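The model shown is predicted, which means the values in this text are computed figures rather than measured ones. When a ligand or atom number is given, it counts from 1 through the structure's own listing order. The figures that follow rest on heavy atoms only: side chains count, while hydrogens, waters and symmetry mates do not.
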Amino acid sequence: MTEPAPVALLVEDNDRNRKLATAVLEMAGFDVRTATTGQGALDAIATEPPDVVLLDIQLPDIDGVEVLDRLRASAATAGLCVVAVTAFAMDGDRTRLIDAGFDGYVTKPIDVATFAATIRDYLTDDGRSS
Ligand code: MN
């Protein structure tokens, strides 16, 4: 009873961060797609919606909160599981991002020991609530 690998779209403009997160997720059994800009993420999602979007907030074009707003505004993508992955680590950021409508929040640098399991938990929670 092997479930299909969950598809994760990783949106990250920093090469090193993107490569690390991709490797960690692939080792945990995710099918990983990547984008390096907000527009690239929107295009990839329109082409093939993933099971989960891991979204950097600071991107070179549209920031992650704006990308999320556009996804939530469209019926086809409103229900996507979208997790913020951000270097912002100030008090209040978690609340700010969850209030913005993210399903979850992970800080960078990612913890390679727990990152993939955390993402799976967000996916499972999302599935139960929808
Ligand atoms: Mn960035």
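Remark: Asp99 pairs with no residue by the side chain to side chain donor-acceptor pair (under 3.5 Å) rule, at least two apart or across chains. By the salt bridge (charged side-chain N to carboxylate O under 4.0 Å, His left out) test, Arg120 is found to be paired with no residue, residues two or more places apart in sequence or in another chain being considered.
Only protein N, O or S atoms were considered, and those under 2.8 Å from the Mn ion (ligand 1) are Asp13 OD1, Asp56 OD2, Gln58 O.
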Might you work through the salt bridge (Lys or Arg N to Asp or Glu O under 4.0 Å) test for Asp56 and Lys108, ending with a clear yes or no? CA-CA 9 Å; Asp56 183 20; Lys108 292 188 286 193; 3.0 Å; yes
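The stretch residues 69-82 participates, sequence neighbours left out, in these side chain to side chain donor-acceptor pair (under 3.5 Å) pairs: Glu66-Arg70, Arg72-Asp103.
Using a 4.5 Å cut-off on side-chain heavy atoms (C-beta onward), Phe115 and Val106 make contact.
Atom CG of Leu10 sits about 4.5 Å away from atom OG1 of Thr22, to the nearest 0.5 Å.
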